[in-house]
Asker: 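This structure is in structure tokens; I'll ask about it shortly.
Counting starts at 1 for both ligands and their atoms, in listed order.
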Amino acid sequence: MAEQNIYILGIESSCDDTAASVIHNGKILSNVIANQKIHEAYGGVVPELASRAHQQNIVPVVDQALNQANVSKEQLNAIAFTRGPGLMGSLLVGTSFAKSLAYGLNIPLIDVNHMQAHILAHYIDEEGYSKPPFPFLAMTISGGHTQIVRVDSYFNMTVIGETIDDAVGEAFDKSGKILGLGYPAGPEIDKRAKQGNPKAFKFTKPKVDGLNFSFSGLKTAILYFIQKETKNNPNFIEEHINDICASIQYTIIGILIDKLKLASKQTGIKHIAIGGGVSANSGIRQALKDGEQKFGWTTYVPKFEFTTDNAAMIAIVGYLKYLEGNFTAQDVTASARLKI
Ligand code: KG4
Ligand code: ZN
């Protein structure tokens, strides 16, 4: 690419992580995240508390990102920020901060769609990581999202499937809550599933047409199953926890892989990239690897720190938009339901 020495600060505040990152051309120099522990006590993100914590965290997080990158504010070429989708009170903090900083430094402002950013995180320069070629299918799976997107170029993307109710991460977290596990329960279910039998208990998969997903019925099925079993045996959960976790995880992975198979068949695309916190799941990683053998897929899973909510993915989109001269006016507003 012709342009050299472009420094961009990316800011992410759409949910419960306050994050900032500095990118130099396509390479990440710093990637700082302040997680908000406060929500653990509530078993989920409390929007009002999230926006307050962003207010406290944003200045130190941005300072730390600049320091770690060894870049001064004056060296920055643009400020990129998450405009949406997300929690309005959270988005407002990052949006207002980014606008003020760009205005104060008299440099361009670049708005970023959080869902596009999860996908374009695959274009961060990383040694040994091969970037997916266009067109590819991107599945974004996290506590807030479940989408399959057809990606034809950096900014030409089409959502071809998404959840009609809960996100897949919620399916893990809500099932975990029923089992008395801590929040978020995904990593714990993953760990226990490794020691359990995935076929010990059978949960029916939801019937949803096309490429859309539904996870709320699964949660209810698990709740009824546990209620029934603990009535007969109050120690049922304790005695079977690994098998229960393995069976839940097996069902969820089956749902995801079925839809990916269908999406690949319908579009004829075999390059498949995943992102979002749930892509850390060892079962889904294995299922994708198996897909390479079974269906001829080539799969792409980014480094974990670029796949959960982070600002490096905002910075890379900022860089790609900067190269196109695609800047944002100062009267931009946060948008909680921003679409791809
Ligand atoms: O991307 P992320 O950090 O935040 C957003 O939700 O946007 O994703 C968090 C979600 C939680 O629901 C968590 O339970 C899930 O990712 N998660 C996992 C694993 N690690 C994180 N789910 C299953 N297996 C894992 N290993
Ligand atoms: Zn996200």
Asker: Taking atom NZ of Lys177 as the centre, report whether more than 12 heavy atoms of other residues, nucleotides or ligands fall under 6.0 Å from it.
Answerer: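 At most 12 heavy atoms, drawn from other residues, nucleotides or ligands, come within 6.0 Å of this atom.
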Asker: Checking Asp166 against Ser216: is there a side-chain donor and acceptor pair closer than 3.5 Å?
Answerer: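 Checked: Ser216/Asp166 side chains show no N/O donor-acceptor pair below 3.5 Å.
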Asker: Considering heavy atoms of the protein only, find what lies nearest to atom 15 (C) of ligand 1 and give residue, atom and distance to 0.1 Å.
Answerer: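 In this structure, atom 15 (C) of ligand 1 has Val278 CG2, 3.8 Å as its nearest protein heavy atom.
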Asker: Considering only non-hydrogen protein atoms, determine which one is nearest to atom 10 (C) of ligand 1 and report residue, atom name and distance to 0.1 Å.
Answerer: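 Of every protein heavy atom, Gly143 N, 3.5 Å lies nearest to atom 10 (C) of ligand 1.
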Asker: Distance under 4.0 Å to a non-hydrogen atom of Pro184: what atoms of ligand 1 satisfy this?
Answerer: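 Matching atoms, with element in brackets: 13 (C), 14 (O).
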Asker: Answer yes or no as to whether an N/O/S atom of His114 is found below 2.8 Å from the Zn ion (ligand 2).
Answerer: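 Yes.
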Asker: Taking atom NZ of Lys194 as the centre, does the number of heavy atoms from other residues, nucleotides or ligands within less than 6.0 Å exceed 12?
Answerer: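 Buried by this count: over 12 neighbours within 6.0 Å.
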Asker: For ligand 1, does Asp173 get within less than 4.0 Å through its side chain, its backbone, both, or neither, judged by non-hydrogen atoms?
Answerer: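 For Asp173, only side-chain atoms sit under 4.0 Å from ligand 1.
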Asker: Taking Glu40 first and then Lys37, would you say they form a salt bridge - that is, a charged N and a carboxylate O separated by under 4.0 Å?
Answerer: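 A salt bridge links Glu40 with Lys37.
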Asker: If you count the non-hydrogen atoms of other residues, nucleotides and ligands that lie under 6.0 Å from CD in Gln227, is the total more than 12?
Answerer: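 Counting other residues, nucleotides and ligands, CD of Gln227 exceeds 12 neighbours.
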Asker: Is the shortest N/O to N/O distance between Asp309 and ligand 1 below 3.5 Å?
Answerer: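 Yes; at least one N/O pair falls below 3.5 Å.
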Asker: Decide whether the shortest distance between a heavy atom of Gly144 and an atom of ligand 1 is less than 4.0 Å.
Answerer: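 A heavy atom of Gly144 does come that close to ligand 1.
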Asker: Any side-chain donor-acceptor pair under 3.5 Å between Ser279 and Thr307?
Answerer: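 The criterion, which ignores hydrogens and geometry beyond distance, is satisfied for Thr307 and Ser279.
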Asker: So, is Asp190 polar-close to ligand 1, with some N/O to N/O distance under 3.5 Å?
Answerer: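 Yes, at least one N or O pair falls under 3.5 Å.
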Asker: Working note: Leu66 + Lys73, criterion side chain to side chain contact (heavy atoms under 4.5 Å, CB included); need CA distance, chi angles, decisive distance, verdict.
Answerer: CA-CA 7 Å; Leu66 289 166; Lys73 290 195 283 293; 3.7 Å; yes
Asker: Using distance alone, determine whether Asn281 and ligand 1 share an N or O pair under 3.5 Å.
Answerer: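 Yes, since at least one N or O of Asn281 sits under 3.5 Å from an N or O of ligand 1.
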Asker: Regarding Lys131 and Asp125, does a basic nitrogen lie under 4.0 Å from an acidic carboxylate oxygen?
Answerer: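 Counted as a salt bridge, because a side-chain N and a carboxylate O are separated by less than 4.0 Å.
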Asker: For N/O/S atoms only: which one belongs to Asp309 and is nearest the Zn ion (ligand 2)?
Answerer: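 For Asp309, the N, O or S atom at the smallest distance from the Zn ion (ligand 2) is OD1.
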Asker: Please report which non-hydrogen protein atom sits nearest to atom 3 (O) of ligand 1, along with the residue it belongs to and the distance in Å to one decimal place.
Answerer: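 Closest protein heavy atom to atom 3 (O) of ligand 1: Thr308 CB, 3.4 Å.
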Asker: Work out the angle at the Zn ion (ligand 2) between NE2 of His118 and NE2 of His145, rounded to 10°.
Answerer: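 The two atoms form an angle at the metal of about 100°.
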Asker: For the residue pair Phe134 and Tyr154, categorise the inter-ring angle as parallel (less than 30°), tilted (30 to 60°) or perpendicular (more than 60°).
Answerer: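 Phe134 vs Tyr154 ring planes: perpendicular.
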Asker: If you have a sec, work out which protein heavy atom is nearest atom 21 (C) of ligand 1 and how many Å separate them, to one decimal?
Answerer: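 Going by distance alone, atom 21 (C) of ligand 1 is nearest to Gly277 O, 3.5 Å.
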Asker: If the cut-off is 4.0 Å to any non-hydrogen atom of Gly169, which atoms of ligand 1 fall inside it?
Answerer: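 What qualifies from ligand 1 is 12 (O).
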Asker: Under 30°, 30 to 60°, or over 60°: which ring-plane class applies to His122 and Tyr129, parallel, tilted or perpendicular?
Answerer: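 If you compare the ring of His122 with that of Tyr129, the planes turn out parallel.
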Asker: Write out the residue and atom name of the closest protein heavy atom to atom 18 (C) of ligand 1, then the distance separating them to 0.1 Å.
Answerer: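 Checked against all protein heavy atoms, atom 18 (C) of ligand 1 sits closest to Gly186 CA, 3.7 Å.
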Asker: Check ligand 1 against Ser142 and write out every atom of the ligand that is under 4.0 Å from a heavy-atom position of the residue.
Answerer: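 So the atoms of ligand 1 that pass are 1 (O), 5 (C), 6 (O), 7 (O), 8 (O).
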